[in-house]
Structure formats: structure tokens, C-alpha cells
Amino acid sequence: MFRPLHAGFALSLILLSFSSAVPAQADPSVTAPGAAAVQPTGWSSPHAVHVLGMPDVKAKENGTLTITAQNLTFTGKSSSSTIDLPSIVALSAGNERVELWGMKGRLMRMAVPYGGGAAFATFMHHQRDMLTVEFVDTQGRYHGSVFYLPGNEAEEALRNITPSPVAYHHAANPPCGVAGIEPHSILVKQLTSDQSDFPAAYRVLVYEHIVDRLRQVPASVVHRDEVADGRGECSQYTMRLSTTGFKPGSQVKRASMGPAGLFVGVTQITLNLEITDANGTAVIHDQIKASQRGEAESMNVIDKIAQQVVRKWAKAQKI
């Protein structure tokens with residue numbers, strides 16, 4: 001007779017938390033229209049999250065994303081970074097459904113007795129927008145940044161970015177011969193994909209995670225791809241990546257299925273990895289696969305596959 005009381009008490013706690021927490025989470029139906037309104041000085045979202053890719057900004061930092069006629073700026077609590085609009089080479093918007101409150105939401109569901117927490121995962125979720133910005137620095141090197149925004153704000157951000165008619169110029173790198181090749185240097189080319197449903201945000205984040213992790217390998221010198229001139233001849237090795245398989249999966253489905261979520265709604269990426277030396281000889285040619293199961297966010301699969309790629313490189317270098 002006590003089980004219904006316990007479950008009812010847990011349900012009351014979750015519903016109470018749901019009603020009190022939603023305003024703090026910037027419910028798009030309440031706060032997003034105001035945040036996304038076009039002001040005389042430009043567009044701004046105070047509820048942005050920098051996922052990765054902005055120079056000098058920490059990953060997963062909360063802050064404000066501002067767009068003016070000249071640039072795009074992210075301002076967090078501890079740092080700020082700006083991209084000039086003429087340096088942007090590609091823009092895209094996307095979205096996915098994720099669990100409310102992240103880890104906090106999972107802990108709340110775990111508090112529901114007798115396995116009832118999985119049932120709440122069917123409605124404890126919301127749409128999260130993703131804005132992907134691909135750009136070049138002053139040396140013409142490729143970068144990509146991804147931002148999380150409240151629902152429906154990514155498209156609004158795109159509408160407020162006006163392409164510049166002026167071409168973006170950068171300092172050209174001088175050609176380098178054999179004597180200029182740096183030992184243990186590796187050029188990471190942009191990821192290519194034959195998968196039409198492979199999100200731009202995933203493609204960019206795979207690249208950025210790999211670059212970040214390669215830089216943690218002792219003695220490695222990492223070169224970014226160059227949009228115009230390229231510097232393949234300056235690198236001892238060149239890494240090329242292409243996706244050959246992608247299953248988007250669903251965090252909501254995995255969370256609501258309980259133990260079955262280890263097998264249902266799995267997110268999966270399959271990559272072809274090729275690393276060649278300066279003579280074009282293949283050093284590594286392999287297929288790499290990573291999956292995200294269980295209740296964690298689908299995008300965690302990105303860093304998993306980046307770790308595998310970098311382990312292959314480090315092992316080949318015997319570092």
C-alpha cells in the first residue's frame with residue numbers, strides 16, 4: 001500500500017521542480033521571442049552556450065551571442081571572442097531534442113522509485129537549437145564553432161547575418177620545401193561526408209575535437225586546413241576523414257526505454273581515416289566507429305570518435 005504513496009510523492013516533486021525550473025531555463029515560448037527580436041544595434045541571445053570552436057573561449061561556457069552588421073561575438077563570464085562576418089564561409093542551423101536540465105534531470109528521474117523514472121523521460125525533454133559557424137582566421141585557416149540556443153533562435157540568428165560583399169583577405173603563407181617540414185606535424189583536412197543527414201554541427205565538432213585532442217599528444221604539431229592556399233607541403237603528415245555511416249539515434253528514446261535504451265535509439269558515427277606522409281604514402285588507413293548508448297546526450301559520440309582517431313595517430317607515432 002505504500003508504493004503508490006511513494007511514487008505519488010516523487011511525481012509531485014518532479015512536477016513541482018518542472019513548474020519552478022522552466023522560467024529559469026528560458027522557455028522559448030516566453031523568453032525567446034524577446035531575446036530574438038531585432039534591435040537597432042543588432043540581434044542578441046542571452047541564453048547561448050558555446051559548445052566548442054571559438055578562439056579563447058572555454059567549451060560549454062554560457063553567455064550571450066550577439067550579431068551586428070560587422071561581426072558575431074560571444075561573451076561569457078570569463079572570456080569573449082569575435083568573428084568578423086566577412087571571414088565566415090558557411091552557416092547552418094539545426095536542432096535536436098534533449099532531456100530537460102541535463103544531468104540534473106537524470107538525477108531527478110533516478111529518484112523515482114520502482115523504475116518509474118523512465119516514464120518521465122517521455123515528456124521531460126525540449127528542443128535545443130544549434131547554430132554552426134564556419135570561418136577562417138587571418139591566416140586563412142579553417143575553424144568551426146557551434147552554439148546551443150533556445151528553440152527557434154538558430155534560424156532567427158541566420159536571418160540576422162548579412163553576407164559581406166567584400167572578399168575576406170588573409171596573409172598568404174610562403175611556400176615551404178622539404179627543409180621546411182616540421183617533424184611530427186600533421187595537417188587535418190576538413191571532414192567530408194556522403195551522408196545527407198549528417199548534421200553540420202556534428203561535422204564541425206568532430207573536426208574541432210580531433211584538433212584539440214591532437215594538440216594534447218606530446219611533440220605533435222597540428223596544422224588546420226586552409227581554405228585558400230593550403231599548406232600540405234609544410235606538414236609531415238596529412239589526415240583525411242570522411243563519414244561513411246551515421247545513425248542519429250535519440251536520447252529521449254534511450255532514456256524512456258530504460259535498460260532497453262542500450263540497444264534502441266543508439267547514435268552512431270562511422271568514419272574512414274587516412275593519414276599519409278609527405279610522399280603520399282599511406283601510414284594509416286582504417287575505419288572507425290563510435291556509438292552513444294544509454295541516457296547520455298547523443299553528441300557525446302563526437303568526442304568518443306575523436307579519441308579513437310587520436311589514439312591511432314599517437315600509436316603510429318609511438319609517442
Side-chain angles (χ1 to χ4, degrees), residues 18 21-38 43-54 59-67 72 74 88 90-106 121-135 144-161 191 193 195-209 243 246-256 261 264-269 292 295-303 305:
F18 182 86
V22 167
Q25 292 296 319
D27 183 346
S29 65
V30 177
T31 63
V38 179
W43 179 90
S44 181
S45 174
H47 303 290
V49 179
H50 166 249
V51 183
L52 193 67
M54 282 287 277
K60 299 296 180 69
E61 184 167 5
N62 297 316
T64 299
L65 184 67
T66 303
I67 298 169
L72 178 151
F74 179 85
I88 296 175
L91 291 161
S92 59
N95 59 69
E96 62 180 4
R97 300 209 70 82
V98 295
E99 187 166 16
L100 282 171
W101 315 306
M103 179 59 71
K104 185 185 295 184
R106 269 178 267 167
T122 60
F123 65 85
M124 289 177 60
H125 54 85
H126 67 138
Q127 176 178 300
R128 178 174 66 190
D129 270 20
M130 297 179 291
L131 176 67
T132 302
V133 182
E134 299 172 71
F135 61 100
S145 298
V146 177
F147 304 91
Y148 291 152
L149 297 170
N152 304 315
E153 284 198 2
E155 289 288 350
E156 186 67 24
L158 289 184
R159 286 194 288 271
N160 283 275
I161 298 177
L191 184 74
S193 177
Q195 312 299 308
S196 60
D197 59 343
F198 193 60
Y202 279 60
R203 173 175 53 78
V204 165
L205 289 175
V206 168
Y207 183 89
E208 292 296 332
H209 273 281
T243 61
F246 174 65
K247 294 181 180 179
S250 169
Q251 182 204 12
V252 174
K253 182 180 291 186
R254 293 194 300 269
S256 63
V264 179
V266 176
T267 301
Q268 188 175 87
I269 298 176
Q292 182 57 58
E295 300 184 3
E297 287 189 14
S298 295
M299 295 187 80
N300 288 355
V301 72
I302 294 171
D303 195 41
I305 205 159

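Positions are given from 1 along the sequence. In this text the structure is predicted, and so the values were computed from the model without any measurement.
A distance of 10.5 Å separates CD1 in Ile88 from CD in Glu134, rounded to the nearest 0.5 Å. How far CD1 of Ile161 is from CG of Leu72: 5.5 Å, rounded to the nearest 0.5 Å. One distance of note links CG of Leu191 with CG of Leu205; it measures 11.0 Å at 0.5 Å rounding. Residue Met299 holds its CE atom at 6.5 Å from CZ of Arg128, rounded to the nearest 0.5 Å.
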side-chain contact (heavy atoms from CB on, under 4.5 Å) evaluation trace for Glu61 with Met54: CA-CA 11 Å; Glu61 184 167 5; Met54 282 287 277; over 6 Å; no
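Distance alone, capped at 3.5 Å, places no donor-acceptor pair between the Thr267 side chain and the Gln292 backbone. Although no hydrogens or angles enter the test, the distance criterion places a donor-acceptor pair under 3.5 Å between the side chain of Asp129 and the main chain of Asn152.
Qualifying side-chain hydrogen bond (donor to acceptor under 3.5 Å, both in side chains) partners for Glu208, counting only residues two or more places apart in sequence or in other chains: Arg224. Gln268 is linked by a side-chain hydrogen bond (donor to acceptor under 3.5 Å, both in side chains) to Ser291, counting only residues two or more places apart in sequence or in another chain. For Tyr148, there are no ring-ring contact (aromatic ring centres under 6.0 Å, His included) partners two or more places apart in sequence or in a different chain. Not counting sequence neighbours, the partners of Ser92 by the side chain to side chain contact (heavy atoms under 4.5 Å, CB included) test are Thr132, Ala200. Under the ring-ring contact (aromatic ring centres under 6.0 Å, His included) criterion, Phe246 pairs with Phe198, Tyr202, not counting sequence neighbours.
For the pair Gly53 and Ser145, the tightest heavy-atom approach, listed with the atom from each and the gap, is C-OG, 3.0 Å. Leu65 approaches Ala48 most closely through the heavy-atom pair CB-CB, 3.8 Å. Annotation for Val146 and Val204: closest pair CG2-CG1, 4.1 Å, computed over non-hydrogen atoms. A pairwise comparison of heavy atoms in Ala157 and Leu131 identifies CB-CD2, 4.0 Å as the closest pair. For Thr64 against Pro46, the heavy-atom pair with the smallest separation is OG1-CA, 3.6 Å. Of all heavy-atom pairs between Asn62 and Phe74, the closest is C-CZ, 3.7 Å.
Using a 4.5 Å heavy-atom cutoff, the side chains of Leu52 and His209 are in contact.
For Ser45 and Glu153, the side-chain atoms include at least one donor-acceptor pair closer than 3.5 Å.
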